Amino acid sequence: MNLSFFDQFMSPIFLGIPLIAIAMLMPWVLFPNPSVKWLNNRLITLQSWFIHNFTKQIFLPINLPGHKWALLLTSLMLLLMSLNLLGLLPYTFTPTTQLSLNMGLAVPLWLATVIIGLRNQPTIALGHLLPEGTPTLLIPVLIIIETISLFIRPLALGVRLTANLTAGHLLIQLIATAAFVLLPMMPTVAILTSIVLFLLTLLEIAVAMIQAYVFVLLLSLYLQENV
């Protein structure tokens, strides 16, 4: 049976149960639990080092009240990175290729930063819609443009993550299919294609981590504007 290249992005269902829920719970099972011992093993030490440096890097420019978001954004970073990396394994499903999931993460968090800004500093939050020194004739136009750009932010967050991961998965499948088809006819070309596939896989591993970091970094920048 011929399958479409886009079938890999369909949410699998088994016995009427969407397996996307299991795929989203799997990363939390893989993380090691903190130990009560004085000396931790290498894996827990590496995990603690990564979380410490990531939190320090993200929240360095943010005021003290915004540090309440540290646990939420760090957990989101680990979840997105794990889902993206696990999706590169064969016969797996990547939940972050679903725009609905990414928008479900982006919209509430973006909306929370906006509400915090309107509640704590409404004048400054509304002042972002109109740059200082704007000519009087341009005030209505700039307010409309800034309002549109504000509401486009969550859409950009979700679409960026979905598009990058979807494009990478499609490219890997296309090159892998080409290498498989060319193997009996042109073995040399098939080997070169396989090398390209290996390099592309390494690139996709980097993209999976970078996109998770960019998603959380942009949320932290939105939080910085409103805290």
Side-chain angles (χ1 to χ4, degrees), residues 5-6 9-11 20 24 54-55 57-84 87 94-171 203-204 206-227:
F5 284 132
F6 292 93
F9 304 117
M10 295 175 60
S11 179
I20 186 173
M24 291 191 64
F54 168 75
T55 308
Q57 180 71 26
I58 286 290
F59 289 92
L60 187 62
I62 298 179
N63 296 333
L64 191 60
H67 291 187
K68 300 175 184 177
W69 287 59
L71 179 61
L72 175 61
L73 293 185
T74 305
S75 302
L76 179 62
M77 168 72 177
L78 293 174
L79 175 65
L80 291 177
M81 184 179 295
S82 303
L83 292 176
N84 294 347
T94 313
T96 44
T97 56
Q98 305 295 310
L99 182 60
S100 57
L101 172 64
N102 296 333
M103 292 300 295
L105 293 173
V107 172
L109 293 173
W110 163 82
L111 187 59
T113 61
V114 174
I115 293 175
I116 287 176
L118 292 175
R119 186 187 65 178
N120 295 338
Q121 43 186 15
T123 304
I124 298 177
L126 294 176
H128 291 154
L129 301 178
L130 184 63
E132 188 177 356
T134 304
T136 307
L137 294 177
L138 295 179
I139 287 179
V141 178
L142 280 180
I143 290 178
I144 294 174
I145 293 175
E146 292 296 330
T147 304
I148 293 174
S149 66
L150 178 65
F151 283 97
I152 282 179
R153 285 180 174 182
L155 181 63
L157 278 177
V159 171
R160 180 187 294 107
L161 182 59
T162 304
N164 279 281
L165 295 180
T166 302
H169 283 64
L170 280 176
L171 198 54
L203 177 64
E204 282 305 309
V207 168
M209 294 187 288
I210 291 172
Q211 288 304 316
Y213 176 75
V214 169
F215 190 94
V216 177
L217 177 63
L218 290 176
L219 280 176
S220 69
L221 293 178
Y222 302 156
L223 178 64
Q224 182 183 352
E225 290 182 0
N226 294 282
V227 174

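Please read these numbers as outputs of a predicted model, since none were measured by experiment.
L161 places none of its side-chain heavy atoms less than 4.5 Å from the side chain of V214. Under the 4.5 Å side-chain criterion, counting only non-hydrogen atoms from C-beta, N164 is not in contact with I210.
Atom CD1 of I62 sits about 5.0 Å away from atom OG of S220, to the nearest 0.5 Å. Rounding to the nearest 0.5 Å places CG of L171 at 7.0 Å from CD of E204. Between I139 atom CD1 and L142 atom CG the span is 8.5 Å, to the nearest 0.5 Å. The CG atom of L217 lies 9.5 Å from the OH atom of Y222; values are rounded to the nearest 0.5 Å. Once rounded to the nearest 0.5 Å, the distance linking CD1 of I145 with CG of L150 reads 13.5 Å. Here CG of L105 is found 10.0 Å from CG of L157. Values are rounded to the nearest 0.5 Å.
The side-chain contact (heavy atoms from CB on, under 4.5 Å) search around L126 returns L118, L129, not counting sequence neighbours. Taking the side-chain hydrogen bond (donor to acceptor under 3.5 Å, both in side chains) definition, one finds that T113 meets it with nothing, sequence neighbours left out. The ring pair (Phe, Tyr, Trp, His ring centres under 6.0 Å) check on F54 picks up nothing, with sequence neighbours excluded. Under the rule for a side-chain hydrogen bond (donor to acceptor under 3.5 Å, both in side chains), the partners of T55 that lie at least two apart in sequence or sit in another chain are T74. The side-chain contact (heavy atoms from CB on, under 4.5 Å) check on L72 picks up W69, L109, with sequence neighbours excluded. Take M103 and apply the side-chain contact (heavy atoms from CB on, under 4.5 Å) test, not counting sequence neighbours, and it matches L99, V107, L155. Residues passing the ring pair (Phe, Tyr, Trp, His ring centres under 6.0 Å) test with F151 are W110, sequence neighbours excluded. Listed by chain and number, the residues in a side-chain hydrogen bond (donor to acceptor under 3.5 Å, both in side chains) with S82 amount to none (sequence neighbours excluded).
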(message) Let's go through T97 and H169 carefully: what are the C-alpha distance in whole Å and the side-chain angles of both, what is the deciding distance for side chain to side chain donor-acceptor pair (under 3.5 Å) to 0.1 Å, and is it a yes or a no?
(response) CA-CA 9 Å; T97 56; H169 283 64; over 6 Å; no
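Exactly one residue among L218, L80, I58 makes a side-chain contact (heavy atoms from CB on, under 4.5 Å) with Y213. That residue is I58. Applying the side-chain contact (heavy atoms from CB on, under 4.5 Å) test between L83 and each of T94, L78, T96 identifies T96 as the sole match.
For residues 66-82, no pair satisfies salt bridge (Lys or Arg N to Asp or Glu O under 4.0 Å), with sequence neighbours left out. Applying the salt bridge (Lys or Arg N to Asp or Glu O under 4.0 Å) rule to pairs touching residues 211-227 yields R153-E225, sequence neighbours excluded. Identified under the salt bridge (Lys or Arg N to Asp or Glu O under 4.0 Å) test for residues 98-122, with sequence neighbours left out: none. Listed by first then second residue, pairs satisfying side chain to side chain donor-acceptor pair (under 3.5 Å) with a partner in residues 99-109 read N102-T162, not counting sequence neighbours.
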